[in-house]
Amino acid sequence: MTESTDLSRVSFIVMREMRRPVMALITVYAVSILGMVFIPGHEVDGKPQYLSVFHAFYFMTYTATTTGFGEIPFEFNDAQRLWAMVCLYVSVITWFYAIGSIVRLFQNPFFVRAVEERKFSRQVLRISEPYFIICGFGDTGSVLARGLSDYGVPAVFIDGDEDRIRALTLRDYRVPMPGLCADASVPKHLLEAGIRRRNCQAIVAITNNEEINLKISALARLLNPSIRIITLSKVDVFEETLANLGGEVHIVDPFKMFAKVLVTTMTHPSFYPLNNWLVRAPRVRLSDAIKPPFGKWIVCGYGRMGHEINHALVKQGMKTVVIDPHDCSEEEGIDSYIVGRSTAKTLAQAGIENAVGILAGTDDDGHNLGILLNARKLNGNLFTLVRQNRHENRIAFEASQIDMIMQPTLVTARRVLFLLVAPLLKPFFQHLLKDEPGRKEDMEKVIQQLEKKIGRRQPHLITVDVVKERCSAVTACLEEGEQVLLGDILKHPDNFNRKLDLIAFVVKSGEVISVLPPDDYRIKIGDQILFCGTGASRRLLNATLNNEYNLFYVRNGVHLPKGYFMRWYAQRQNRPVA
Amino acid sequence: MNFEKVVFGFFIVLSLTLNFGFFLGEMDNPEHHNVFELFAIIVVNFIATGLKLGDRSQIGAVLLATSLVADLHLVAAATYWTVVVHVTETGLTSDVMVSIISLSGGALLANFISVIILVSDTLMSRL
């Protein structure tokens, strides 16, 4: 529906704007041609010669466009020349008027917008595979776009800033990433982005404005009751509204999430490197376990990050000292609150000599690095946790050997990316991190396996939906009543005894979620399976899932004969043929 | 080792090598190109096509297509040869010979693509 209205709008504007110039051209041509036809020319054998309509039109065609081939088909007399002069001036001016109208139309910002919107909705309609709508192409959006491109998943972007959309079109993504410069909280634009299309899987609201994010989420729920919604929100009031929208809504709050990661890392030292390794952070080894220490912490900067981290630390039973220029007395659980900038003096006053960790969490990168240097001078054994606000300061932060760097845009982008491409990762971690016997051992086992199978290569999270479009061979096999085991598809399609460099993390069958499923798990149609593996094994797995010959081999250990002749021959030898 | 793969590879490579042998030589000189060689190429090509029939995979479809292209070229070359020798009886003049050899050159290219697909498919699963 959106497409046809846009189409008719653009063509309607063109036709309406061109009506007058076209009318003027037709009139001028008609009068000129008629004049040329009726003016008698030189006499030949006593009879005056007349131009035919065809010749008059030919003459006007090259005269009005200022080409000027001369007097064709015969030499004109002065009466004709006089009329020709009139024709030339009038028709040339009319042409200029017509061309000017077109140019003016193309420069009209409303027309340009209409054309762009139409182009955008056509690009969206051309996406046939599952895709996502992402509102906001800031720092977070661009990290997210890069990640989605690496996973080969297309997305549609809406951002109010024209420069950002221009930047988007210049990037080299492996999949289509159309962008529209518009206000995403206007329903029309969400429809243009295809929010009601069946292959639109989720909408992500990550603009800088929380209120707009909330509005987009509410609109999205109204326009499509079943779509997944992922929203960036750092304000509790909004989160309540969002939770009431119904359907699948994920609220991403980078500070809360990071506080959670910090707390989890205290009990599971390998969690932080595993998490960073999965998002392919540079130079991260799975074995680089870190353990934030228990004891007294100093929190510099009591903004949103300071609040969340302090809250998490106090909950863990740790003593915290907060240093912030603004007085804030209502907060409980803080051991002492020092009002002032975080300088060497206030740090010493906070008792930094006997602290175990420090958080530099202001929204100024220079200040954060300054706090770090001061603190290190006073106490060299501190565990350091620093907030990095701007991406371009990366080199400075990496050079400072900080234990944990928190970059809000990156945390958000990675979180959203996982929610989009690997939705089963959340239950996976929830299961492993639960405080139950055996879970810590499971975690260690997973890390050992990952180290063995993938090691220093790039990890790929692979979500497989067992549906006909994605796993044609497997579904065909299952529909015939045969069984396909999880261990089968993990085998190497080239050597029955080898295994692919893949680990099955989670299987979701209906509402049942099984973490670290065994090899003899029987795959069912409609299952969703999350694997972690290398890029090469991802391709081989795809081949097994979609090529019946490969699937037969990994299930039975013998190659299925290809072609009629070979099948006939195999049948004669009583070997399996199908 | 898989017997099926040996047979399959054998015929595909043989049709390429025979085709190359026939193609070699001066283009317009009938003495450089043997009619029995052309016959052998056509037979081997037909066998290769037959072996590819019935493969339901993607690669199988592309392999079959290349084989059909080669067949088309070779049958056209053989028909032309027969017509000039037996129907019009003009004989293998140099312009006729050039046409026949260029047709076999087309078949050579198709067979070459076939071999490349075969080799790359084998290498892919070696990853």
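These numbers were taken from a predicted model, which means no experiment stands behind them. Residue numbers start from 1 in every chain, and the chains themselves are labelled A, B, ... in the order their sequence lines are given, proteins ahead of strands.
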Between CZ on residue Phe565(A) and CD1 on residue Ile47(B), distance to nearest 0.5 Å:
9.0 Å
Return the CG to OG distance between Asn546(A) and Ser57(B), rounded to the nearest 0.5 Å.
12.0 Å
What's the shortest heavy-atom distance between Lys562(A) and Asp55(B), and which atoms?
CD-OD2, 3.2 Å
Can you list everything that forms a ring-ring contact (aromatic ring centres under 6.0 Å, His included) with Phe22(B)? Sequence neighbours excluded, please.
His33(B)
Counting only heavy atoms not in Glu479(A), do more than 12 fall under 6.0 Å of its CD?
yes
Counting heavy atoms not belonging to Glu451(A), are there more than 12 under 6.0 Å from its CD?
yes
Can we say Arg56(B) and Glu548(A) salt-bridge, meaning some charged N sits less than 4.0 Å from an Asp/Glu carboxylate O?
yes
With rounding to the nearest 0.5 angstrom, report the OH to NZ distance, Tyr564(A) to Lys52(B).
15.5 Å
Applying ring-ring contact (aromatic ring centres under 6.0 Å, His included) as the test, list every pair that has at least one member in residues 35-83 of chain B; sequence neighbours left out.
none
Could you check if a side-chain atom of Met566(A) sits within less than 4.5 angstrom of a side-chain atom of Val7(B), using non-hydrogen atoms only?
yes
Looking at Phe112(B), I want to see if its CZ is surrounded by more than 12 non-hydrogen atoms of other residues, nucleotides or ligands under 6.0 Å.
no
